[in-house]
Amino acid sequence: MSSLFNLEGQVAVVIGGTGGLGGAMADALASSGARVAVVGRNAERGAAAVERIAKLVGGRAGETVGFYAADAIDKASLESACDRIHSELGPVRVLVNAAGGNRPDATLPPGADFCALGLEAWRDVFDLNLVGGVLLPCQVFGKKMLEFVAKTASAEQADSCSIINIASMSGMIPLSRVVAYSAAKAAVLNLTQFLSREWATRGVRVNAISPGFFPAEQNRGLLYNADGSLSARGGQIIGHTPMSRFGRPEELAGATVFLACAKASSFVTGQNIVIDGGFSSTTI
Ligand SMILES: NC(=O)c1ccc[n+]([C@@H]2O[C@H](COP(=O)([O-])OP(=O)(O)OC[C@H]3O[C@@H](n4cnc5c(N)ncnc54)[C@H](OP(=O)(O)O)[C@@H]3O)[C@@H](O)[C@H]2O)c1
């Protein structure tokens with residue numbers, strides 16, 4: 001079994017590896033043997049992630065893990081990071097697209113009408129979650145993966161490349177008020193399926209993970225009050241979650257490593273693994 005879940009010698013890129021969920025996924029990939037490129041805009045958080053991962057695996061920064069600054073909605077910036085990663089770490093076999101998030105003015109205030117939603121906020125959320133979250137990274141890193149497979153392996157062998165897009169449970173069931181984000185994540189799921197079909201015979205598998213509610217930078221204000229107590233909305237969410245709690249970032253590790261490892265998930269593409277404590281499985 002251990003050979004199925006082994007990424008020894010492979011390079012994994014985690015865009016959004018400077019964040020809460022992406023950071024935990026980067027930890028999981030590194031612990032499974034991958035050399036990890038953490039990609040994001042925030043150099044301070046990037047350095048902290050590199051230090052944490054190097055310590056976790058007992059490796060050296062620059063050899064087993066590195067930070068590569070890039071803005072996911074800027075193709076040239078991604079291309080430059082991609083070139084550096086290839087020359088410093090080697091060919092990329094795994095791409096995790098974890099850059100994403102919401103912005104407050106793209107969420108309808110309580111009682112507000114849908115018609116009041118601003119277009120600028122809507123476009124920003126789509127830009128981040130769909131364009132930067134999937135489209136551009138898949139074009140930039142996916143192109144290199146296709147070239148790698150064409151040069152080195154038969155697409156039918158279990159040594160394919162893997163792309164994991166982070167969608168959201170709200171892409172399947174739109175959350176009240178969170179309109180632009182839910183719609184953008186629904187598009188992430190659709191694009192995941194499109195790409196899985198497009199690249200299925202070319203050795204690149206494309207899947208999604210849909211987390212439910214995991215406290216992170218981007219949603220802390222929604223889930224908790226300033227004094228650290230649960231907000232009304234946070235309480236409603238836990239009340240609707242069969243497991244009666246929020247998720248912990250490390251609970252994404254198993255699905256991440258499964259989807260990343262070509263031997264473990266060689267016939268899995270176009271799928272969406274939902275990790276939400278049962279939230280999407282029940283109604284009141
Ligand atoms: N937390 C949850 O409950 C939850 C639930 C469902 C889905 N998700 C999804 O999970 C993913 C990770 O979110 P999180 O909860 O871990 O939030 P987070 O801690 O705020 O992380 C967001 C990440 O996105 C990166 N990012 C944002 N804009 C970027 C840009 N233009 N270019 C490059 N990187 C960018 C940030 O990196 P820099 O700041 O360094 O650029 C950061 O690493 C997102 O796609 C989010 O939508 C989260």
Side-chain angles (χ1 to χ4, degrees), residues 7 9-19 21-30 32-40 49 53 65-75 77-100 128-150 152-153 155 159-167 188-189 191-196 198-200 202-209 252-253 255-262 264-265 268-273:
L7 294 168
Q10 297 190 23
V11 175
V13 171
V14 183
I15 305 182
T18 51
L21 300 192
M25 296 169 87
D27 289 357
L29 295 166
S32 306
R35 271 173 289 155
V36 172
V38 172
V39 177
I53 293 169
V65 54
F67 172 66
Y68 297 85
D71 185 339
I73 56 175
D74 176 349
K75 194 171 186 183
S77 159
L78 280 178
E79 282 170 340
S80 140
C82 181
D83 288 345
R84 283 177 46 224
I85 292 166
H86 275 81
S87 68
E88 288 172 23
L89 297 180
V92 173
R93 300 286 304 278
V94 177
L95 169 67
V96 174
N97 282 317
L128 174 56
N129 291 284
L130 187 59
V131 178
V134 181
L135 173 68
L136 294 180
C138 285
Q139 286 186 331
V140 171
F141 288 92
K143 190 174 172 205
K144 293 274 191 192
M145 288 174 161
L146 295 169
E147 287 167 7
F148 171 80
V149 175
T152 60
D159 47 9
S160 55
C161 295
S162 171
I163 296 177
I164 304 169
N165 296 323
I166 307 308
V188 166
L189 288 170
L191 188 51
T192 298
Q193 289 181 315
F194 176 87
L195 275 176
S196 72
E198 197 75 3
W199 290 345
R202 298 175 69 192
V204 179
R205 297 175 300 109
V206 189
N207 292 288
I209 290 178
L252 301 183
T256 302
V257 173
F258 166 67
L259 291 176
C261 288
S265 56
V268 180
T269 196
Q271 299 307 304
N272 176 32
I273 299 184

- Message: Less than 4.5 Å apart, side chain to side chain, heavy atoms only: is that true for Leu146 and Lys143?
- Response: no

- Item | Any Val92 side-chain heavy atom under 4.5 Å of Cys82 side chain | no

- Rounded to the nearest 0.5 Å, how far apart are CG of Leu195 and CD of Gln139? 9.0 Å

- Query: Rounded to the nearest 0.5 Å, how far apart are CG of Asn165 and CG of Asn129?
  - Reply: 11.5 Å

- Report the C-alpha distance between Asn97 and Ile163 in whole Å, list the side-chain angles of each, state the deciding distance to 0.1 Å, and finish with yes or no for side-chain contact (heavy atoms from CB on, under 4.5 Å). CA-CA 8 Å; Asn97 282 317; Ile163 296 177; 3.9 Å; yes

- Item | Point-to-point distance, once rounded to the nearest 0.5 Å, from CZ of Phe141 to CD of Glu79 | 9.5 Å

- Is any side-chain heavy atom of Met145 closer than 4.5 Å to a side-chain heavy atom of Leu95? yes

- Report yes if the side chains of Leu259 and Ile209 come closer than 4.5 Å at any heavy-atom pair, otherwise no. yes

- Task: Would you indicate whether the side-chain heavy atoms of Ile15 and Leu78 approach each other to under 4.5 Å?
- Result: yes

Give every donor-acceptor pair under 3.5 Å between a side-chain atom in residues 33-40 and any protein atom, sequence neighbours left out.
{"unit_1": "Arg35", "atom_1": "NH1", "unit_2": "Leu89", "atom_2": "O", "d": "2.5"}
{"unit_1": "Arg35", "atom_1": "NH2", "unit_2": "Gly9", "atom_2": "O", "d": "3.1"}

- Message: I need the Leu189 CG to Asn207 CG distance, nearest 0.5 Å.
- Response: 11.0 Å

- Are any of the side-chain heavy atoms of Lys75 and Val131 separated by less than 4.5 Å? no

- Are any non-hydrogen side-chain atoms of Val13 and Tyr68 less than 4.5 angstrom apart? no

